[in-house]
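Working notes, beginning with the structure itself.
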Amino acid sequence: MTPDALRPAQRFMYEFGTFVAFWSNFELMVEVGIWLHSGTTAKENCKSINVLKAGRKKERLKKLLDEIGNVDAGNALVEVFDVADRNGWIHGHILNPNGDFSRLTRLRVEVKGPSFYVTNTVVRTDSFDPFYEAYASFEQKSGITKAQCDEYIRLVQTA
């Protein structure tokens, strides 16, 4: 395989790795948002939140944001989840049919009740753009800052 033949796959892996890093930061923001609006200590929050799946964290933060009247941030939070298709990327399979790295596809298998769904879509390197736009909107509307995230991490790590 020549380096030129691998370039599309390398580009995708760069984009995918960046998406995973931003998703990790987004999940931290969600956790910090719950902490800021729930009235618990950072450690109590961390213990109770980290056992939850991302969807449950979203529901909890959305409820808290709605309760304080920040409906725009709650809607922006939901939008991130809607456009990210995080489960599709994390639980899907990136394939290169017949060793063709110029055309990656994503296989996604979902079971919903008695129904079984299989999708196979062509991967584009701009697939993550809507996620970044929704992430930026949530960041702006929620008001959760890097300083608050850093403080949360510091408090969780203290003895």
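This one's a predicted model, so the numbers in the text were calculated from it and none came from an experiment.
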Worksheet entry | Listed partners of Ser142 passing side-chain contact (heavy atoms from CB on, under 4.5 Å), at least two apart |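 Partners of Ser142 by the side-chain contact (heavy atoms from CB on, under 4.5 Å) criterion, ordered by chain and then number, come out as Met29, Ala73, Phe138, Ile144.
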Practice prompt. Please identify each residue that fulfils side-chain contact (heavy atoms from CB on, under 4.5 Å) with Val51, with sequence neighbours left out.
Written response: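 For Val51 there are no side-chain contact (heavy atoms from CB on, under 4.5 Å) partners, ignoring immediate neighbours.
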Worksheet item: For the atom pair NZ (Lys141) and CG (Leu65), what is the distance rounded to the nearest 0.5 Å?
Response: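 If we round to the nearest 0.5 Å, Lys141:NZ and Leu65:CG are 12.0 Å apart.
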Fill in: Leu36 CG to Gln148 CD distance, which is reported to the nearest 0.5 Å
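Those atoms lie 4.5 Å apart.
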Residues forming a salt bridge (charged side-chain N to carboxylate O under 4.0 Å, His left out) with [X], sequence neighbours excluded:
X	value
Lys53	none
Asp150	Lys146
Asp66	Lys62
Glu59	Arg56

Practice prompt. Could you check Val80, Leu28, Thr18 and say which one makes a side chain to side chain contact (heavy atoms under 4.5 Å, CB included) with Trp23?
Written response: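 The single option meeting the side chain to side chain contact (heavy atoms under 4.5 Å, CB included) with Trp23 is Val80.
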Item to complete: Output, in order, the C-alpha distance, side-chain angles, deciding distance and verdict of side-chain contact (heavy atoms from CB on, under 4.5 Å) for Ile34 and Asn45.
Response: CA-CA 8 Å; Ile34 294 168; Asn45 189 69; 3.3 Å; yes
Worksheet entry | side-chain hydrogen bond (donor to acceptor under 3.5 Å, both in side chains) pairs, two or more places apart, involving residues 28-39 |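 Counting only pairs at least two positions apart or across chains, the side-chain hydrogen bond (donor to acceptor under 3.5 Å, both in side chains) contacts touching residues 28-39 are Glu31-Asn50, Glu31-Tyr152, Ser38-Thr40.
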So [Y] and [X], do their side chains get closer than 4.5 Å, heavy atoms only?
X	Y	answer
Glu151	Val32	no
Glu15	Phe19	no
Val30	Leu77	yes

Worksheet item: Of all heavy-atom pairs between Leu61 and Gly33, which one has the smallest distance, and what is that distance?
Response: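 Smallest interatomic distance, heavy atoms only, reads CD1-C, 3.5 Å.
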Item to complete: Kindly give the heavy-atom pair with the smallest separation between Val83 and Pro130, and that separation in Å.
Response: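 Looks like CG2-O, 3.5 Å.
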Item to complete: Could you list the residues that satisfy side chain to side chain donor-acceptor pair (under 3.5 Å) with Glu133, not counting sequence neighbours?
Response: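 Scan of Glu133 (side chain to side chain donor-acceptor pair (under 3.5 Å), adjacent residues dropped) gives none.
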Worksheet item: Can you name the residues that form a side chain to side chain donor-acceptor pair (under 3.5 Å) with Lys58, not counting sequence neighbours?
Response: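 Not a single residue meets the side chain to side chain donor-acceptor pair (under 3.5 Å) criterion with Lys58.
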Item to complete: Just grab all the salt bridge (Lys or Arg N to Asp or Glu O under 4.0 Å) pairs involving residues 112-122, residues at least two apart or on different chains.
Response: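 For residues 112-122, and leaving out neighbouring residues, the salt bridge (Lys or Arg N to Asp or Glu O under 4.0 Å) pairs sorted by first residue read Glu110-Lys112.
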Worksheet item: Among the clusters formed by ILVMFWY side chains lying less than 4.5 Å apart, do Val71 and Ile68 turn up in the same one?
Response: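 Unlinked, Val71 and Ile68 end up in two clusters.
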Worksheet item: If Ile, Leu, Val, Met, Phe, Trp and Tyr residues are connected whenever their side-chain heavy atoms lie under 4.5 Å apart, and connections chain through other members, are Val78 and Phe81 in the same group?
Response: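 Val78 and Phe81: separate clusters.
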Item to complete: Only counting residues at least two apart or in another chain, list the ones meeting ring-ring contact (aromatic ring centres under 6.0 Å, His included) with Tyr132.
Response: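 Tyr132 satisfies ring-ring contact (aromatic ring centres under 6.0 Å, His included) with Phe22 once adjacent residues are dropped.
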